[in-house]
Amino acid sequence: MVEIKTDTALEMMREAGRVVADALAAARAAAAVGVRLRELDEAARTVLTKAGARSPFLGYQPSFAPTPFPAVICASVNDALVHGIPDDYRLRDGDLVSVDCGAELDGWTGDAAISFTVGTPRPADLELIAATQRALDAGIAAATVGHRIGDISHAINTVARTVNCGMPADFGGHGIGRQMHEDPHVANHGRPGRGFPLRHGLTLAIEPMLMAGGHNDYRTDPDGWTLRTIDGSRAAHIEHTIAITQDGPRVLTLP
């Protein structure tokens, strides 16, 4: 069931989105060579606590997961695509890191992700991050009243194909609002003019995940959570929560 939000609800989601942006900024600021992934999680957790927000990640257990998620961020490094568990791994010079975070504040939720490099960046990693950002920007630009979900999906996939990157076929964006995952699903592959119609008040988390090797397949770590590229190539993941409005798409997870 798809819930269309009121303008008041959109303002409340905007406040949750600010918390997400602040938590991601804190995690990124904490990231440096030698820092443990667990410390990035601690930095984000501090922001959520100070804001009086709850983490929708902590304790979350979808049907595919063998255990509840143990942290407030996902921290995925290098060939890890998404859902990496922040542990005692120490960041190394040149690592590519994707951090995903959510926040629930006063009954409304925001969800966003960033990708960045640590220390001396590889030019190919910067290109991958830039392509992922372009894919997200294209998806957001297509999120206008009168379009359909397939228009968003097609816009994202067009960018990924242009740079010969792969994307997992069965993971993508989603509706969001009172809970982190709501209908409708927002695939990163799709045909224009198909799917759920975009209306004022519809809120979506749009999240391209690009794999540099060009394959769409991935593998799952023994932890049951972390997804990795099948060929060991690097991956990037960038996400925003947006609202469809009569005035165009509104990004809710900016600072």
Handout entry: Interatomic distance, R178 atom CZ to T203 atom OG1 [nearest 0.5 angstrom]
Key = 10.0 Å

Practice task
Establish whether M12 and V251 are linked, either directly or via other cluster members, by ILVMFWY side-chain heavy-atom contacts under 4.5 Å.
Solution key: no

Handout entry: Value rounded to 0.5 Å, distance of CG in D22 from NZ in K50
Key = 11.0 Å

Practice task
Look up atom CD1 in I114 and atom CD in Q133, then write down how far apart they are to the nearest 0.5 Å.
Solution key: 11.0 Å

Practice task
For R161, look at atom CZ and say whether over 12 heavy atoms of other residues, nucleotides or ligands are found less than 6.0 Å away.
Solution key: yes

Practice task
Indicate yes or no: at least one non-hydrogen side-chain atom of M211 is less than 4.5 angstrom from one of L227.
Solution key: no

Practice task
Answer whether the closest heavy-atom distance between the side chains of T253 and D111 falls below 4.5 Å.
Solution key: no

Problem - Test log, rule side-chain contact (heavy atoms from CB on, under 4.5 Å), inputs L24 and F116 - result: CA-CA 11 Å; L24 287 172; F116 56 90; over 6 Å; no

Fill in the blank from the handout: For V19 and A103 the tightest heavy-atom approach is CG1-CB, 3.9 Å

Completion exercise
From the list N216, V159, L210, side chain to side chain contact (heavy atoms under 4.5 Å, CB included) with C165 holds only for L210

Exercise for the section: Mark yes or no for whether D93, through its side chain, and T120, through its backbone, hold a donor-acceptor pair below 3.5 Å. Expected result: yes

Fill in the blank from the handout: Residue set satisfying side-chain hydrogen bond (donor to acceptor under 3.5 Å, both in side chains) with E39, at least two apart, ordered chain then number -> none

Problem - Atom of P249, atom of T144 and distance for their closest heavy-atom approach - result: CD-CG2, 3.9 Å

Handout entry: Audit row: H240, L254, side-chain contact (heavy atoms from CB on, under 4.5 Å) steps and yes/no
Key = CA-CA 8 Å; H240 269 308; L254 292 172; 3.9 Å; yes

Problem - Check: S115 side chain, H237 main-chain N or O, donor-acceptor pair, under 3.5 Å - result: yes

Exercise for the section: Kindly say whether W225 contributes a backbone atom to a donor-acceptor pair with the side chain of D223 at under 3.5 angstrom? Expected result: yes

Problem - M209 vs P168 side-chain heavy atoms within contact, under 4.5 Å - result: yes

Practice task
Under the salt bridge (Lys or Arg N to Asp or Glu O under 4.0 Å) rule, collect the residues that match up with R250, sequence neighbours excluded.
Solution key: E11

Problem - Heavy-atom check, side chain of I4 versus side chain of L202, under 4.5 Å - result: yes

Exercise for the section: Look at the side chain of T241 and the backbone N and O of L252, then say whether any donor-acceptor pair between them is shorter than 3.5 Å. Expected result: no

Practice task
Tell me yes or no: between the side chains of S233 and D231, is some donor less than 3.5 Å from an acceptor?
Solution key: yes

Practice task
Side-chain contact test, heavy atoms from C-beta onward, threshold under 4.5 Å: evaluate it for N188 versus F171 and give yes or no.
Solution key: no

Practice task
Write down the atom of I244, the atom of I242, and the distance for their closest heavy-atom approach.
Solution key: CD1-CD1, 4.0 Å

Exercise for the section: Heavy atoms only: give me the nearest L40-A27 pair and the separation to one decimal. Expected result: CG-O, 3.4 Å

Fill in the blank from the handout: In short, salt bridge (charged side-chain N to carboxylate O under 4.0 Å, His left out) pairs touching residues 136-159 with sequence neighbours left out are none

Handout entry: Side chain proximity check, I206 to I156, heavy atoms < 4.5 angstrom
Key = yes

Problem - Euclidean distance, R18 CZ relative to L105 CG, rounded to 0.5 Å - result: 11.5 Å

Problem - Donor-acceptor contact present, side-chain D183 to main-chain M1, <3.5 Å - result: yes

Exercise for the section: Could you tell me whether the side chain of R45 reaches within less than 4.5 Å of the side chain of L58, counting heavy atoms only? Expected result: yes

Could you list the donor-acceptor pairs under 3.5 angstrom formed by side chains in residues 189-200, with sequence neighbours left out?
| residue | atom | partner | partner atom | Å |
| --- | --- | --- | --- | --- |
| H189 | ND1 | N157 | OD1 | 3.4 |
| H189 | NE2 | M167 | O | 3.1 |
| H200 | ND1 | Q246 | N | 3.0 |
| H200 | NE2 | D7 | OD1 | 2.9 |

Handout entry: Reported CG-to-CD1 distance for the pair L136 and I238, which is rounded to 0.5 angstrom
Key = 6.5 Å

Problem - Hphob cluster co-occupancy, L126 + V163, side-chain heavy atoms under 4.5 angstrom - result: no

Problem - Qualifying side-chain hydrogen bond (donor to acceptor under 3.5 Å, both in side chains) pairs with a residue from residues 100-110, counting only residues at least two apart or across chains - result: R54-E104

Practice task
Carefully, step by step, assess I149 and L204 under the rule side-chain contact (heavy atoms from CB on, under 4.5 Å).
Solution key: CA-CA 10 Å; I149 291 291; L204 305 171; 3.9 Å; yes

Handout entry: Distance-minimising heavy-atom pair for L10 and A243
Key = CD2-CB, 3.8 Å

For residues 60-74, which side-chain donor-acceptor pairs fall under 3.5 Å, sequence neighbours excluded?
| residue | atom | partner | partner atom | Å |
| --- | --- | --- | --- | --- |
| Y60 | OH | H181 | ND1 | 2.9 |
| Q61 | NE2 | A65 | O | 3.2 |
| Q61 | NE2 | P66 | O | 3.2 |

Exercise for the section: Output, in order, the C-alpha distance, side-chain angles, deciding distance and verdict of side-chain contact (heavy atoms from CB on, under 4.5 Å) for I176 and M13. Expected result: CA-CA 9 Å; I176 185 171; M13 288 186 66; 4.1 Å; yes

Handout entry: Non-hydrogen atoms of L48 and S55 that approach each other most closely
Key = CD1-CB, 3.8 Å

Handout entry: Minimum side-chain heavy-atom gap H174-V186 below 4.5 Å
Key = no

Problem - Spacing of CG belonging to N78 relative to OH belonging to Y89, to within rounding of 0.5 Å - result: 5.5 Å

Handout entry: Main-chain N/O of G172 paired with H185 side-chain donor or acceptor, under 3.5 Å
Key = no

